[in-house]
Amino acid sequence: MLTTVRVRQFSPTDLPAVAAIVKDSLRENYPASLYLDIHRWWRDGFLVAENGGSVVGFLAAVVSAPQTARILMLAVYGPWRRHGVGSAIMDAFVKECAMRGLNVIELEVRKSNADAVRFYARYGFQVATVLPRFYTDGEDGYKMRRHL
Ligand code: ACO
């Protein structure tokens with residue numbers, strides 16, 4: 001299935017598909033302006049994975065400090081998980097960071113999100129610190145970091 005997946009830059013026409021994945025996978029609803037702002041800030045850091053014209057996953061990141069990228073959101077549509085889509089997106093993103101001369105990637109993830117924590121660990125991310133009550137429902141987060 002992976003061979004049919006293509007990773008490319010986000011385009012504003014992807015907005016409804018990306019918002020649907022966010023609702024389904026991250027249980028969040030953000031205004032359209034947020035995605036458009038992220039896209040404006042760093043076009044190469046907003047990637048989507050497409051299969052036969054449908055967006056099945058995406059990654060949105062910002063440059064948060066000199067030489068540091070921060071992944072704000074990474075999600076794959078439920079039925080498409082565990083088929084290498086997240087890996088394809090992450091590989092493309094790491095290449096993009098390297099090309100831009102960034103040497104640190106960081107992110108926050110819920111402590112209870114074992115699948116994502118394992119996924120990031122497989123990509124060389126390590127827990128840098130625990131973020132007590134980081135999420136609005138009171139759950140702790142992990143700050144994870146990887147050096148390139
Ligand atoms: N058959 C079976 N297993 C496979 C296959 C395959 N063909 N291909 C890959 N896998 C395994 C991988 O080895 C990997 O194993 P791991 O769990 O030990 O890491 C696992 O499947 C996942 O790898 P991928 O398929 O490349 O990743 P996926 O497309 O499932 O995306 C992600 C991972 C993004 C974490 C996904 O689980 C997801 O969307 N979760 C819900 C949203 C979420 O929690 N996002 C992260 C929040 S934190 C933040 O946004 C900063």
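Remember, it's 1-based here, ligands and their atoms both numbered in the order they're listed.
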Counting non-hydrogen protein atoms only, what is the nearest one to atom 26 (O) of ligand 1? Give residue, atom name and distance. S87 OG, 2.5 Å

Restricting to ring-ring contact (aromatic ring centres under 6.0 Å, His included), what partner residues turn up for F119, sequence neighbours left out? Y123

Can you check whether a protein heavy atom sits less than 4.0 angstrom from atom 51 (C) of ligand 1? yes

Test item: H39 side-chain N/O and S11 main-chain N/O as donor-acceptor pair under 3.5 Å: no

Look up atom NE2 in H147 and atom CG in L102, then write down how far apart they are to the nearest 0.5 Å. 13.0 Å

Verify salt bridge (charged side-chain N to carboxylate O under 4.0 Å, His left out) between E106 and R146, making sure each step is shown before the conclusion. CA-CA 6 Å; E106 54 185 27; R146 169 190 167 160; over 6 Å; no

For N113, the ligand 1 atoms whose distance to one of its heavy atoms is below 4.0 Å: 43 (C), 44 (O), 47 (C)

Taking it one step at a time, do K95 and D44 satisfy salt bridge (charged side-chain N to carboxylate O under 4.0 Å, His left out)? CA-CA 10 Å; K95 262 189 213 148; D44 297 332; over 6 Å; no

Nearest 0.5 angstrom please: R145 CZ to I105 CD1, how far? 12.0 Å

If you count the atoms of ligand 1 from 1 in the order shown, which ones are under 4.0 Å from a heavy atom of M73? 50 (O)

Note the single closest protein heavy atom to atom 48 (S) of ligand 1, along with its residue, its atom name and the distance in Å. Y120 OH, 3.5 Å

Which of these, R82, M90, R81, R27, has its nearest heavy atom closest to atom 20 (C) of ligand 1? R82

Distance filter under 4.0 Å to R118 heavy atoms, resulting ligand 1 atoms: 16 (P), 17 (O), 18 (O)

Partner of F58 under side chain to side chain contact (heavy atoms under 4.5 Å, CB included), picked from V85, I89, V48, is V48

Report yes if some N/O of R122 lies less than 3.5 Å from some N/O of ligand 1; otherwise report no. yes

Assign the ring pair F46 / Y35 to parallel, tilted or perpendicular, where the plane angle (0 to 90°) is split at 30° and 60°. tilted

Do you see a donor-acceptor pair shorter than 3.5 Å between the side chains of S112 and E139? yes

Write out the residue and atom name of the closest protein heavy atom to atom 28 (P) of ligand 1, then the distance separating them to 0.1 Å. G86 N, 3.6 Å

Quick check: S25 and ligand 1, any N/O pair under 3.5 Å apart? no

Looking only at heavy atoms of E108, does any of them come nearer than 4.0 Å to an atom of ligand 1? yes

Is Y77 close enough to touch ligand 1? Criterion: a residue heavy atom under 4.0 Å from a ligand atom. no

If you measure every N or O of G84 against every N or O of ligand 1, does any of those distances drop under 3.5 Å? yes

Starting from atom 27 (O) of ligand 1, what is the nearest protein heavy atom, named by residue and atom, and what distance separates them? F119 CE1, 3.5 Å

Of all the non-hydrogen atoms in the protein, which one sits nearest to atom 45 (N) of ligand 1, and at what distance? L74 O, 2.7 Å

Heavy atom of the protein closest to atom 42 (C) of ligand 1 (residue, atom name, distance): L26 CD2, 3.8 Å

A75 neighbourhood, listing ligand 1 atoms whose heavy-atom distance to it stays under 4.0 Å: 39 (O)

Measure from the side-chain N and O atoms of Y135 to the backbone N and O of R110, and report whether any donor-acceptor pair falls under 3.5 Å. yes

Quick one: are the ring centres of W42 and F93 less than 6.0 Å apart? yes

Atom pairs and distances, donor-acceptor, side-chain atoms in residues 19-31, under 3.5 Å, two or more places apart:
| from | atom 1 | to | atom 2 | distance (Å) |
| --- | --- | --- | --- | --- |
| S25 | OG | I21 | O | 3.2 |
| S25 | OG | V76 | O | 3.4 |
| S25 | OG | R81 | NH2 | 2.9 |

Give the single entry among V76, V85, I89 that approaches atom 31 (O) of ligand 1 most closely by any heavy atom. V76

Compute the minimum heavy-atom distance from D115 to ligand 1 and say whether it is under 4.0 Å. no

Taking only heavy atoms of I71, which atoms of ligand 1 are found under 4.0 Å from at least one of them? 51 (C)

